[in-house]
Chemist: 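Below: one structure in structure tokens.
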2 protein chains.
Amino acid sequence: MTTNLREELKAKKQAYVQDEIISAAARLFAERGIRAVTIDDIASSLGYTKSVVYYYFKNKNQVLWEIFNRIHETWMADMQAIVERDIPPDEKLAALIRQHALNVMDRTEWTAIFFRDQSELTESQQATVSERKRTFDRNFRDTYAAGVEAGLFKDIPPVIMAIGIVGMCNQTHVWFKKDKGLSAAEIADHFTAIILDGCRA
Amino acid sequence: MTTNLREELKAKKQAYVQDEIISAAARLFAERGIRAVTIDDIASSLGYTKSVVYYYFKNKNQVLWEIFNRIHETWMADMQAIVERDIPPDEKLAALIRQHALNVMDRTEWTAIFFRDQSELTESQQATVSERKRTFDRNFRDTYAAGVEAGLFKDIPPVIMAIGIVGMCNQTHVWFKKDKGLSAAEIADHFTAIILDGCRA
DNA sequence: ATAAAAATCGACCAACGCGTCAGTTTAGTC
DNA sequence: GACTAAACTGACGCGTTGGTCGATTTTTAT
């Protein structure tokens, strides 16, 4: 059992430092753009040297890829929980909009990267992300389509709705500032209301 | 008068080549991101050498800055024309939304750059762009506020509306493909309808 | 034909940033 | 206290790229 301590410590510290690095990287990436940020920048923003980053990550791409994966996991889990609920389409759409708006504003930096810097990934990573985004949009589309079917929504092409909604929410990452002006919850509620009033039959 | 011919020809050719370069640059910048595009890439996409680009532009930043200026000029002219019209706020808002959506889809590449790569500009250029964006948003805000005043719109904070509208329109640059699926006009009309129905008192 | 201006070429440089690596310090283990 | 895995250091190699510069070709005016 004695050897376990070392392993445990290793795992814990590694997870912790990796989180630190990813957070710092995300902040800088979002602010200046991926290419404008050097590994040195990331490291020294944490008081580390470049080599430390390379000890915990294989290369710059892996740091970036981890950011993409984490944001996707969070968003997808939230979305899945809503989609599986047994509630009418209008309520479901409202919940989806609200949740996505909140998620975007909860981590504006990550959102900026996710929607802006996909081209910095490798070809195959890009393909994966595109597929994920499609799935994401599809949930909005399907929910809207179900609402049209049920006579709750106007007969607007669901694609348009999905694009519009996601666009509206995503762009908040540019303007939203925590602790300044309206709260994330208020903004999310307004957006939800605007869209739902705009598409009710 | 003979010297004038020379000057004229020079001016015309220079304007032409500059346009070529800017268009090519915009296409590549939008696709791969500013930093991922070398001056060589721009030049050779036109069959030129790097030196040709440096003959017509001082440096990379000037090419980028020109893109930012041109898109601003176009958008602002269109917007100004609408703002000055003597029509009720709801019609005005509808016109603004429609026009912006169309402008975005007319030049998806330029839009991508404008909203994504501001951080690649110099500090003072960034300040200028931020100021311009504020002015742009303010026209949406003021128009909405006037509509609320006139009892046409719900009493939602105008800032929210402006953010939502611009976000909705901007994001289309990601999805919109000419000659595929719905036309730009159709999308613009749908967006306009959704928003206006969503905010009418 | 010739001179002057405009346009283009191609070699070059210096800075920069990614990623490597051989070695050193730190901290649990026996 | 010796041993070993983990964590970290600092210097360096190497490719890339923005930008320069003198030389050369092309165009226009006289």
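A, B, ... follow the sequence lines: proteins, then strands. Residue 1 opens every chain.
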Chemist: Are OP1 or OP2 of dA6(C) and a side-chain N or O of Gln14(B) less than 4.0 angstrom apart?
Modeler: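 So the side-chain polar atoms of Gln14(B) never come under 4.0 Å of the phosphate oxygens OP1 or OP2 of dA6(C).
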Chemist: Would Thr38(B) and Asp41(B) count as having a side-chain donor-acceptor pair, cut-off 3.5 Å?
Modeler: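 Yes, Asp41(B) and Thr38(B) have a side-chain donor paired with an acceptor closer than 3.5 Å.
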Chemist: Looking at Tyr55(B), I'd like to know whether one of its side-chain N or O atoms comes within less than 4.0 Å of OP1 or OP2 on dA7(C).
Modeler: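 For Tyr55(B), the contact criterion (side-chain N or O under 4.0 Å from OP1 or OP2 of dA7(C)) is met.
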Chemist: Whether Thr49(A) contacts dC8(D) is assessed here as follows: a side-chain N or O lying under 4.0 Å from the phosphate OP1 or OP2. Is that the case?
Modeler: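 So the side-chain polar atoms of Thr49(A) never come under 4.0 Å of the phosphate oxygens OP1 or OP2 of dC8(D).
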Chemist: Yes or no on side-chain hydrogen bond (donor to acceptor under 3.5 Å, both in side chains) for His100(B) and Asp78(B), after CA distance, side-chain angles and deciding distance?
Modeler: CA-CA 9 Å; His100(B) 184 52; Asp78(B) 288 342; over 6 Å; no
Chemist: Heavy-atom nearest nucleotide on DNA chain C for Lys58(A) versus Ala36(A): which residue maps closer to 5'?
Modeler: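 By nearest-heavy-atom nucleotide position, the 5'-most residue is Ala36(A).
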Chemist: Separation of Asp40(A) atom CG from dC16(C) atom C1', in whole Å?
Modeler: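 Atom-to-atom, Asp40(A) to dC16(C), this comes out as 11 Å.
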Chemist: Looking across every strand, which nucleic acid part, if any, lies under 4.0 Å from Val37(B) by heavy atom: base, sugar-phosphate, or nothing?
Modeler: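 Sugar-phosphate: the residue Val37(B), judged by heavy atoms under 4.0 Å, touches backbone atoms but no base.
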Chemist: Among dG19(C), dT9(D), dG18(D), which is the nearest nucleotide to the side chain of Ile39(B)?
Modeler: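 When the side chain of Ile39(B) is considered, dG18(D) is the closest of dG19(C), dT9(D), dG18(D).
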Chemist: Between Asn69(B) and Glu73(B), is any side-chain donor less than 3.5 angstrom from a side-chain acceptor?
Modeler: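 Absent: no donor and acceptor within the cut-off.
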Chemist: Whole angstroms only, please: what is the OH-P distance between Tyr54(A) and dT20(C)?
Modeler: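 Atom-to-atom, Tyr54(A) to dT20(C), this comes out as 7 Å.
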Chemist: Measure from the side-chain heavy atoms of Lys13(A) and tell me the nearest of dG18(D), dA11(D), dA7(D).
Modeler: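 For Lys13(A), the side-chain atoms sit closest to dA7(D).
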Chemist: Would you say Tyr56(B) reaches dA6(C)'s phosphate, i.e. side-chain N/O to OP1/OP2 under 4.0 Å?
Modeler: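 Tyr56(B) to dA6(C) OP1/OP2: no side-chain N or O under 4.0 Å.
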Chemist: Using only heavy-atom distances, decide whether a donor-acceptor pair under 3.5 angstrom links the side-chain of Lys50(B) to the base of dG18(D).
Modeler: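 Answer is yes: a donor-acceptor pair is held.
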Chemist: Between Lys60(A) and Phe29(A), is NZ or CZ placed under 6.0 angstrom from the six-membered ring centre and within 45° of the ring axis?
Modeler: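 No; the conditions do not both hold, so Lys60(A) does not lie above the ring face of Phe29(A).
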Chemist: With a 3.5 Å cut-off and heavy atoms only, can you find an N or O donor on one side and an acceptor on the other between the side chain of Thr38(B) and the base of dG18(D)?
Modeler: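 Check fails, no donor-acceptor contact within cut-off.
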